[in-house]
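Report on the following structure.
What you see below is based on every heavy atom in this structure, not just the backbone, and it leaves out hydrogens, waters and symmetry mates.
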Amino acid sequence: MADLKDFAEQLVNLTVKEVNELADILKEEYGIEPAAAAVAVAAGGGAAGGDAADEQTEFDVILKAPGGAKLAVVKLVKELTGAGLKDAKELVDNAPSPIKEGIAKDEAEALKAQLEEAGAEVELK
């Protein structure tokens, strides 16, 4: 049982970069989509982060601009939101627009990192 607690603690303390690396490994080696991995890690992080009542606990991921690689951003928005291609394209075309709202900080930071890696300009609120 102690091993599982240690493992859970390691997951909760991952950096955004480590979450992205974990998501890549899970997708490539096990066929698990990165958004699902980010949600799993963020869910673990939300339980431990409940100690500070003054901290913001829900974040909105806002796409400010798609950047130069608009097609890559549309595909990523489609994957991250589960929306159809048309809906994802509308979100990107109508920037600034919310991609996800009311999510945990870890998940929001992971989504921001993925979108910025694809070339988008993103803001957390």
Taking all non-hydrogen atoms of both residues, which atom of [X] and which atom of [Y] are closest, and how far apart?
{"X": "Lys112", "Y": "Leu124", "answer": "CD-CG, 3.9 Å"}
{"X": "Phe59", "Y": "Ala108", "answer": "CB-CB, 3.8 Å"}
{"X": "Ala72", "Y": "Ala118", "answer": "CB-O, 4.4 Å"}

Practice task
Report, as yes or no, whether the 6.0 Å neighbourhood of atom CD on Glu9 holds more than 12 heavy atoms from other residues, nucleotides or ligands.
Solution key: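 No, not enclosed.
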Handout entry: Exceeds 12 heavy-atom contacts within 6.0 angstrom, atom CD of Glu90
Key =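 Enclosed: over 12 neighbouring heavy atoms sit under 6.0 Å from CD of Glu90.
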Handout entry: Point-to-point distance, once rounded to the nearest 0.5 Å, from NZ of Lys78 to NZ of Lys89
Key =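 That separation rounds to 15.0 Å.
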Exercise for the section: Output the distance between atom CD (Glu116) and atom CD (Glu121), rounded to the nearest 0.5 Å. Expected result: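 The CD atom of Glu121 is 8.5 Å from CD of Glu116, to the nearest 0.5 Å.
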Side-chain heavy-atom pair [X], [Y] within 4.5 angstrom cut-off:
{"X": "Leu115", "Y": "Leu80", "result": "yes"}
{"X": "Ile99", "Y": "Ile62", "result": "no"}
{"X": "Leu111", "Y": "Glu107", "result": "yes"}

Practice task
Give a yes or no on whether the backbone of Val92 and the side-chain of Lys70 come within a donor-acceptor separation of less than 3.5 Å.
Solution key: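 Answer holds: no.
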Handout entry: Worked check of side-chain contact (heavy atoms from CB on, under 4.5 Å) between Leu63 and Val73
Key = CA-CA 10 Å; Leu63 176 69; Val73 173; 4.3 Å; yes
Exercise for the section: Examine Leu71 and Leu91 and state if one hydrophobic cluster contains both, with Ile, Leu, Val, Met, Phe, Trp and Tyr joined whenever side-chain heavy atoms are less than 4.5 Å apart. Expected result: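 Different clusters.
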